[in-house]
Each structure stands twice: as C-alpha cells, then as structure tokens.
2 protein chains.
Amino acid sequence: MRLVIAQCSVDYAGRLSAHLPLATRLLMLKSDGSVLVHSDGGSYKPLNWMSPPCTLTVLEPDDAQTEAGVTEVWRVSQAKTADMLVVSIHHVLHDSAHELGIDPGLQKDGVEAHLQKLLAEQIELLGEGHTLVRREYMTAIGPVDILARDANGSSVAVELKRRGDIDGVEQLTRYLELMNRDPHLAPVTGVFAAQEIKPQARTLAEDRGIRCLVLDYDAMRGLDDSGSRLF
Amino acid sequence: MRLVIAQCSVDYAGRLSAHLPLATRLLMLKSDGSVLVHSDGGSYKPLNWMSPPCTLTVLEPDDAQTEAGVTEVWRVSQAKTADMLVVSIHHVLHDSAHELGIDPGLQKDGVEAHLQKLLAEQIELLGEGHTLVRREYMTAIGPVDILARDANGSSVAVELKRRGDIDGVEQLTRYLELMNRDPHLAPVTGVFAAQEIKPQARTLAEDRGIRCLVLDYDAMRGLDDSGSRLF
DNA sequence: CCCTGTATTTCGCCC
DNA sequence: GGGCGAAGTACAGGG
C-alpha cells in the first residue's frame, strides 16, 4: 500500500461525472490497483475512488496543466466499465509505501442470520420433540424464518429477530394467517423468538396466541461448535 | 489526519460484534475523531471503523495483553450509541500526522442540472423542429426547467426530473396553468421528461394532456462534447 | 453465475 | 430534525 498526501484536484467520469477542487488530501493506493481519495473528515466513504481491477498510469502534465501548477497526472482507468479517475497533483507532502500482506478478513457475529442458523441447529429450544422442517420457508408474501413441527407433528412458524418489536409480531401474524389457509400446513402455531422482546410486542403476541421465546445468544453460541471461532 | 501502519487486532461491539485477527493494517485517524481500519485490498469500505462523533483513548495493556504481545490499546467509543472499537496494537511500522484542512467537497454532476444542460443542447429530442427558448424560464411561481417551441412555433414547457414522480407532474401542471393565462405564450403544451417515469406519474400526466419523455442519459452524454472534461 | 436482500450502510432530499 | 429513497452502493447467501 502506498500513501500519498498531496495537494490535488480530482476528476471522475463513469456512471456520473464528479470533480474535486484543489485541496490537500490522502491518496491511498492499494496493492490490487484500487485508489481511494480521502479527506480529513466525513464518513468511512472516500470522496472519490476507483474499484479494482484498474490500472494507474502516471502522465506528464501538458503545458496548460503545468501552467496551472500541476506537476503530475495520475490516470486510473478500469478496462471493463471505461470509468476513469484523473488525479492532478500539484504538490506532494508525503509519500510512503508499506507491505501489509493479505488480510485474514472480518469475522462477523451476532446478526439475525447467525441466530437463525443456531436456532435451526438447536431446534429443541422451541420445546421438546420439535423438529426442523426448513429455514426461510417461502410463502406468497415472503419467507418465514423457520418452519418446524412440534411433538404432535403440528406446524410451527418462527419469526426471528435480534430485537423483538411490534413489527415482527405483525409480520408473523400475516404469515400465520396465510399459512393457516393452507390445508397442508394448518393448524400452524407461531413462535416469536428474539434476544430481547419489548413488552408491547410480548403483549400483542400473546394476545394473538403467539408464543414468545427469548433467546440467550451467548449460550446458543457456546453450544455450537462451528460458531466458536472467537474464543 | 494521522496515519499509522501497525500489526494489530481489532474488536468491535455495537450493532453487531466483529473481530479482526492479528495482521498488518492501515489505521486512519481523522481530525473529527473517526477511525478507519483499512487492509491492502478489497473495496473502498474499511474492514472496520468508528463513525464520528467518537473519542479515542490510549490504554496501557494489562498483563495478559502484554504477554500476548500487545504494546498499546486504542479504545474508540461513541457516547451516543455506546458502540466501541478496540484496537490492540502489537507493532507500529509507521506513524505520521498531516494537516489537510477542510475539504471543499465533491461536486457531483449527472444529476438534474446535467440532464437539463444536455436536453437544452439536444432539444430536438423533444421532437423534430423544436427549438430552445431558454433554460430556467422564470414565472411568478418559479422557474420552468426548459421553455422551447415546437415546429409550429407553439410554446412547450419541459419539467425535468431524474425520477419522474407525481410531484413533478403537479409542478408542471401549475406552470402550464399559469403560462396558458399569458397571451404571449399560450397555448403552452407540457412535456414531462425524466430518466425514469413512474407508472402513476405517467397516467396522471397523460390524463392531463402532458406528454411523457423518457431520457436515455448515457446516449445523451455520448452525444455531448462539452461534458468530456477529461479528454 | 445471477439474483435478492441486508448494511455498524452513507448520503441527499423533502417535509 | 425526522423519514424516505437512492447509491459509481458493497456484500453475502441461495438458487
């Protein structure tokens, strides 16, 4: 990775056209050829950038550019899309290169997808004798997070949330209404499962005959072998 | 802006939990307090980050951390959301600070302003024999995007949007009503031009005798000479 | 490989 | 300021 702090202006032409007036910025050149132009603020998003795969060509400024104070022109182009980023460098304040190596990458945890995977593996948390039918059971109005059967063989639809809010209860209610019209599935009972269930959501759910299940994520993860990367 | 290249591991706890194993990375510390952790590849998105407003505290590693090779611990926390980013630094390879100043910001193009400029230049897209009167034609209730004349010399008012929604049709309707009361202009016909016109907007427009025109931005840009600053 | 849905989304517009 | 929709969205997972 090469880091350059330089006074520069930047032009981009691709899906849109964009221009950055002359100012001092960080130019990050990654080893895959991508270029990021960062200011000293804002969000994690660069002011402008070029995604890999792309190639950087250093050009000599023409007379008009030299006249304007440009000492170097970087032309970053992407073969596929014909997008182009042009960095006109006026003054370089810092320039250093660093060997970083390949990054092992981010390990995410705690999302709904993981909860769903864990609950599917530990389906007995729904109650003794429960068996998994499938995750993401498709209905006409969208996928039910988990479809299971209880000890009696009756269908159980599970709506899973990290935070159990009223919206989730409404969602599950719609699924249940639809599924109970299907003679192959009916009767279908509902389980609203979340790490945390808001009192209003619990009241609404129980009023509609939907069972609430608070999930202990840490305990579920502790029981899971494949998910215990972090410890 | 401070740039640090360091061998480090990173832990994040907030909306989700995430972990970055020990590796060499770029740590970008912006003047607004935000921190970005970048690898030497991937996209413009950092591996991990903390959005402003946040505060960085440098801690001494405890015995266990020292044992593991940690020389410094950065604790970046956000008061509002209680999100926390912890960077455990093992070895610093580079450390430099730079004064960048406030960035003038990105000037985007290819939005409505650019569409208006292009359509004014390619006014024949409205139909054969059309001529431009002027852009931003002022009326008592605001500027009409484009005023033109058709082959018969009749006035044509154009409302331009990137996304053609009902609001735009209502806007054009108000202009037309006003302009048709002006004997110098009347009769004025309306054209609702956009890159994409919503079905509801189209129905409403056509019901009111307003012609709909879908613009192919790429084709229009391809025909345009002046927009190619880069070449 | 394409499609679809989510995101620690971010960003801009409009009310 | 809050809500909503787009983004040069990026990114992962399923069919």
Side-chain angles (χ1 to χ4, degrees), chain A residues 10-20 32 34-39 41-54 76-78 80-86 105-117 120 134-138 141-143 145 160-163 171, chain B residues 10-20 32 34-39 41-54 76-78 80-86 105-114 161-168 170-171 194-196 198 217-218 221 230:
Chain A
V10 182
D11 286 278
Y12 168 77
R15 301 273 189 95
L16 56 76
S17 302
H19 175 71
L20 284 167
D32 58 6
S34 58
V35 176
L36 283 65
V37 181
H38 265 280
S39 64
S43 65
Y44 68 70
K45 203 176 173 182
L47 292 166
N48 220 325
W49 71 95
M50 184 61 78
S51 304
C54 58
V76 190
S77 46
Q78 212 191 30
K80 266 191 170 179
T81 59
D83 286 22
M84 193 180 296
L85 188 73
V86 176
L106 188 68
Q107 296 168 2
K108 279 190 184 182
D109 214 358
V111 285
E112 185 184 318
H114 197 196
L115 265 181
Q116 189 188 108
K117 183 169 169 289
R134 66 163 298 170
R135 291 163 59 186
E136 302 285 347
Y137 179 87
M138 273 311 294
I141 56 170
D145 288 336
L160 199 61
K161 292 287 174 199
R162 210 171 71 82
R163 288 209 185 102
Q171 195 178 343
Chain B
V10 182
D11 287 278
Y12 168 77
R15 301 270 189 99
L16 56 74
S17 303
H19 175 72
L20 284 167
D32 59 6
S34 59
V35 177
L36 282 65
V37 182
H38 265 280
S39 64
S43 65
Y44 65 70
K45 204 175 172 182
L47 292 165
N48 217 324
W49 72 94
M50 184 62 78
S51 303
C54 56
V76 189
S77 47
Q78 212 192 30
K80 266 192 168 178
T81 59
D83 285 23
M84 193 181 296
L85 187 74
V86 177
L106 188 68
Q107 295 169 1
K108 276 193 183 180
D109 220 357
V111 281
E112 186 182 318
H114 197 195
K161 291 287 174 197
R162 212 171 65 78
R163 277 178 57 246
D165 224 329
I166 280 184
D167 287 354
E170 296 288 7
Q171 195 178 343
Q195 274 187 277
E196 176 204 349
K198 295 280 174 72
Y217 177 61
D218 289 330
R221 196 175 46 179
L230 300 184

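Each chain gets a letter, A, B and so on, in the order its sequence line appears, and its residues count up from 1.
Among D/dA10, C/dT9, D/dG14, the nucleotide with an atom closest to any side-chain atom of A/Tyr44 is C/dT9. For B/Trp49, the side-chain atoms get nearest to C/dT10 when compared with the rest of D/dA10, C/dT10, D/dG15. Comparing atom distances between the A/Lys45 side chain and each of D/dG14, C/dC11, D/dC11 picks out C/dC11 as nearest. Ranking D/dA10, D/dG15, C/dT10 by closeness to the A/Arg134 side chain, first place goes to D/dG15.
Between B/Trp49 and A/Tyr44, the two ring planes are tilted [angle within 30° to 60°].
Atom-to-atom, CG of B/Leu36 to C1' of D/dA10 comes out at 15 Å; the value is rounded to the nearest Å. In this structure, the CG atom of A/Leu106 is 11 Å from the P atom of D/dC11, given to the nearest Å. Computed from coordinates, the A/Tyr137 OH to D/dG15 P distance equals 14 Å when rounded to whole Å. Remark: C1' of D/dT9 and CG of A/Leu47 are 16 Å apart, rounded to the nearest angstrom. To the nearest angstrom, P of D/dG14 lies 13 Å from CG of A/Asp145. Residue A/Asp83 contributes atom CG, which lies 13 Å from atom C1' of D/dT9 at whole-angstrom precision. To the nearest angstrom, C1' of C/dT10 lies 16 Å from CE of B/Met50. As a whole-Å value, the separation of B/Gln78 CD from C/dT9 C1' is 14 Å.
Across all their heavy atoms, B/Leu47 and B/His38 have their closest contact at CD1-C, 4.3 Å.
For the pair A/Pro53/A/Gln78, a side-chain contact is recorded, criterion being any heavy-atom separation below 4.5 Å from C-beta on. B/Leu20 is listed as a side-chain neighbour of B/Val37, based on a closest heavy-atom distance under 4.5 Å.
Across all strands, A/Ser51 comes closer than 4.0 Å to base atoms (heavy-atom distances).
Expressed to the nearest 0.5 Å, how far CD of A/Gln107 lies from OG of B/Ser17 amounts to 12.0 Å.
Between A/Ser43 and C/dT9 there is no side-chain N or O to OP1 or OP2 distance below 4.0 Å.
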